[in-house]
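Quick caveat, the model's predicted, so the values are computed rather than measured.
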Amino acid sequence: MALLAILCYPDPRLHTVAKPVQAVDARIRKLVADMLETMYDANGIGLAATQVDVHERLIVIDVSEERNQPMVLANPEILWASDDKQVNDEGCLSVPGIYDGVERSSRIRVRALDGEGNSREIEAEGLLAVCIQHEMDHLVGKVFVEYLSPLKRNRIKTKMLKARRDGERV
């Protein structure tokens, strides 16, 4: 396993639309292992392949307290989303140190391939539902700051560019 470099906003590669995973094979299983190691090392709860500059529809998630229940979703698609929404503070490994409120569906049903390539459906609510929706946004080239006002987004962009220029990680 290896730690992967996480792209930081406003890197234009974060806006790349991911292509479907063709097969859950040895290459994808290695990528999953590397993504999980990277996510755990960065104290994250979710990571999309887009964030590590691999533009395939693949995400890993672990919202468990013990950090021992990894979930793999290849080619995820939302089958249903509740009409009731809630605002949660979100952060992102690609936008370190920044948290803000984003409105998302409270409950969702998702179909995806698991780490073995088996199709499964997941019903999620709470933090898991938020995390899945957040990571799926990455697969279509969307970063959570795009839900914020242009003023907030520009402030974040300026802060991230300054940190990069100064050689620091925010």
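Looking at E125, its side chain never comes within 3.5 Å of a backbone N or O of R107 through a donor-acceptor pair. With hydrogens and angles disregarded, no donor-acceptor distance shorter than 3.5 Å links the side chain of S94 to the backbone of Q51. In this structure, the side chain of E103 does not engage the main chain of K85 through any donor-acceptor pair within 3.5 Å. Put simply, the side chain of H138 never gets that close to the backbone of T50: no donor and acceptor are under 3.5 Å apart. In this structure, the side chain of N75 does not engage the main chain of P20 through any donor-acceptor pair within 3.5 Å. Put simply, the side chain of R109 never gets that close to the backbone of I78: no donor and acceptor are under 3.5 Å apart. Listed for the T38 side chain is a donor-acceptor partner under 3.5 Å among the backbone atoms of L4. Of the possible polar contacts, none joining the E121 side chain to the V110 backbone as a donor-acceptor pair under 3.5 Å is found. Q133 places a side-chain N or O within 3.5 Å of a backbone atom of A129 that can act as its donor or acceptor partner.
L58 and L93 fall within the same hydrophobic cluster, where Ile, Leu, Val, Met, Phe, Trp and Tyr residues are linked whenever their side-chain heavy atoms come under 4.5 Å apart, directly or through other members. Both V60 and V52 sit in one connected hydrophobic cluster of ILVMFWY residues. Membership requires side-chain heavy atoms under 4.5 Å apart, directly or through other members. Cluster annotation: L113 is connected to V54 through the hydrophobic network of ILVMFWY side chains, with a link wherever side-chain heavy atoms come within less than 4.5 Å.
In this structure the side chain of V24 reaches within 4.5 angstrom of the side chain of R29, judged on heavy atoms. Contact annotation: the side chain of E135 never approaches that of P76 to less than 4.5 Å [non-hydrogen atoms, C-beta and beyond]. At a threshold of 4.5 Å between non-hydrogen side-chain atoms, the residues H134 and R104 count as touching. At a threshold of 4.5 Å between non-hydrogen side-chain atoms, the residues V95 and C8 do not count as touching. Taking 4.5 Å as the limit, every side-chain heavy atom of I59 sits out of range of all side-chain heavy atoms of L47.
For the pair K159 and Y9, the cation does not sit on the ring face, since its NZ or CZ is not both under 6.0 Å from the ring centre and inside 45° of the axis.
Under the salt bridge (Lys or Arg N to Asp or Glu O under 4.0 Å) criterion, the residue pairs touching residues 40-64 are R13-D53, R27-E56, with sequence neighbours excluded.
Note that CG of L148 is 12.0 Å distant from CZ of R155, once rounded to the nearest 0.5 Å. The CD atom of E146 lies 15.0 Å from the NZ atom of K152; values are rounded to the nearest 0.5 Å. Once rounded to the nearest 0.5 Å, the distance linking CD1 of I6 with CG of D11 reads 12.5 Å. Taking CG from D89 and CZ from F144, the interatomic distance works out to 8.5 Å, rounded to the nearest 0.5 Å. Distance CE/M35 to NZ/K30: 12.5 Å, rounded to 0.5 Å.
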Step by step, would you call R67 with I45 a side chain to side chain contact (heavy atoms under 4.5 Å, CB included)?
CA-CA 8 Å; R67 316 291 285 140; I45 60 170; 3.7 Å; yes
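Partner of I122 under the side chain to side chain contact (heavy atoms under 4.5 Å, CB included) criterion, chosen from D114, L73, I61, I108: L73.
A donor-acceptor pair shorter than 3.5 Å cannot be found between the side chains of Y147 and D100.
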